[in-house]
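All figures in this text were calculated on a predicted structure; none of them were measured in a lab. The first residue of the sequence shown is numbered 1, and numbering continues consecutively from there.
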Amino acid sequence: MTSTDRVLITGVDTRLGAAVRDYFTERGALTVGTVTAERDSGPDGEAALTVDPVDRAQVRNAVAKAAAQMGGIDVLVVAHGLPVVAPLTEQPMTEFWGHVDATLTGSFLYAQAAADHMRHSGTGGRIVLTTSRWHVGGDGLAAVATAAGGIVALTKSLTRDFGGYGVGVNAVALGALDSEWSVCDGAAGLPPGGRVGSVYQAAAVIGLLSQRQLGAAVGQIVNVDGGLSRNRV
């Protein structure tokens with residue numbers, strides 16, 4: 001990553017999104033952030049774009065504005081999703097689909113719009129999606145697992161769709177982190193290291209996956225969960 005990188009980060013009003021923005025700005029990158037609800041400004045008084053992640057027109061408009069403001073987009077990080085935990089027999093369908101739409105549909109729309117910009121500009125770039133380690137399923141996690149499993153499949157598919165344009169796509173599966181997503185971990189216990197990780201550690205992994213020199217390291221789901229996961233995706 002160089003100081004000229006231009007990064008669009010969704011969800012800078014979440015702990016993870018804010019940490020990702022800090023990671024890139026501290027390294028000299030230009031950043032634009034989005035939020036999902038009205039607010040006066042982003043972290044440290046920086047303006048943020050308010051976007052409904054399931055509204056295709058709003059997403060495409062936000063990507064266009066970010067590209068115009070920064071002179072292009074080199075990296076997209078999707079971090080706006082928030083978990084929904086509820087007993088299966090009590091979860092309203094509006095809540096279930098609300099999470100799946102915001103997370104899965106929103107990831108698709110942002111990736112589609114950003115990759116389209118990268119393709120037409122001829123620059124290529126990197127896209128990093130975020131999801132939960134609970135794509136394998138868990139108690140009260142029907143919505144989370146459905147959306148997360150979709151992100152796994154989406155990452156594999158987008159890699160094939162966008163690879164010819166020089167756009168690399170990966171995803172980070174979060175768990176055992178001091179973030180909004182910790183509510184999903186329930187009785188999972190501490191990771192092997194004996195303590196949970198931080199959003200700043202996750203941001204560093206996202207930063208690594210955003211580097212073009214990784215080349216063929218695309219289409220991967222990287223677990224950032226302190227070693228709790230023992231599955232392969």
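The nearest pair of heavy atoms linking Leu76 to Met118 is N-CE, 4.3 Å. Heavy-atom minimum distance, Ala111 versus Leu158: CB-CD1, 3.6 Å. The minimum heavy-atom distance linking Leu8 with Met70 is given by the pair N-CE, 4.2 Å. Across Ala202 and Leu174, no two heavy atoms sit closer than the pair CB-CD2, 4.0 Å. Across every non-hydrogen atom of Ala113 and Val59, the tightest pair is CB-CG1, 4.4 Å. Across all their heavy atoms, Leu129 and Ser107 have their closest contact at CD2-CB, 4.2 Å.
Under a 3.5 Å cut-off, the side chain of Thr131 and the backbone N or O of Ile151 do not form any donor-acceptor pair. Checked by atom type and distance alone, the side chain of Thr14 pairs as donor or acceptor with a backbone atom of Gly11 at under 3.5 Å. Of the possible polar contacts, none joining the Asp5 side chain to the Ala29 backbone as a donor-acceptor pair under 3.5 Å is found. One N or O on the side chain of Arg6 and one on the backbone of Gly71 form a donor-acceptor pair closer than 3.5 Å.
Partners of Ser157 by side-chain hydrogen bond (donor to acceptor under 3.5 Å, both in side chains), not counting sequence neighbours: none found.
To the nearest 0.5 Å, atom CG of residue Leu16 and atom OH of residue Tyr200 are 10.5 Å apart. The structure places CG of Asp22 at 10.0 Å from CZ of Arg27, a figure rounded to the nearest 0.5 Å. Taking CG from Asp13 and NE2 from His80, the interatomic distance works out to 10.0 Å, rounded to the nearest 0.5 Å. Atom-to-atom distance recorded for Leu104:CG and Thr146:OG1 is 9.5 Å, nearest 0.5 angstrom. Atom CG in Leu209 sits 13.0 Å away from atom CD1 in Ile127 (nearest 0.5 Å). Once rounded to the nearest 0.5 Å, the distance linking NZ of Lys65 with CD of Gln58 reads 9.5 Å.
Sorted by first then second residue, the salt bridge (Lys or Arg N to Asp or Glu O under 4.0 Å) pairs that include residues 93-116, not counting sequence neighbours, are Arg60-Asp116, Asp116-Arg119.
Val218 and Val75 are members of different hydrophobic clusters when ILVMFWY side chains are connected at heavy-atom separations under 4.5 Å. By the rule that hydrophobic residues join a cluster once side-chain heavy atoms approach within less than 4.5 Å of another member, Val54 and Val51 end up as members of separate clusters. Trp97 and Leu82 fall into different hydrophobic clusters, where Ile, Leu, Val, Met, Phe, Trp and Tyr side chains are chained together by heavy-atom contacts under 4.5 Å.
Side chains of Thr36 and Pro53 form a contact here, defined as non-hydrogen atoms less than 4.5 Å apart.
Of the N and O atoms on the side chains of Thr31 and Arg21, at least one donor lies less than 3.5 Å from an acceptor on the other residue.
Figure legend: Arg160 and Phe162 shown without cation-pi pairing, the cationic atom not lying both under 6.0 angstrom from the six-membered ring centre and within 45 degrees of its axis.
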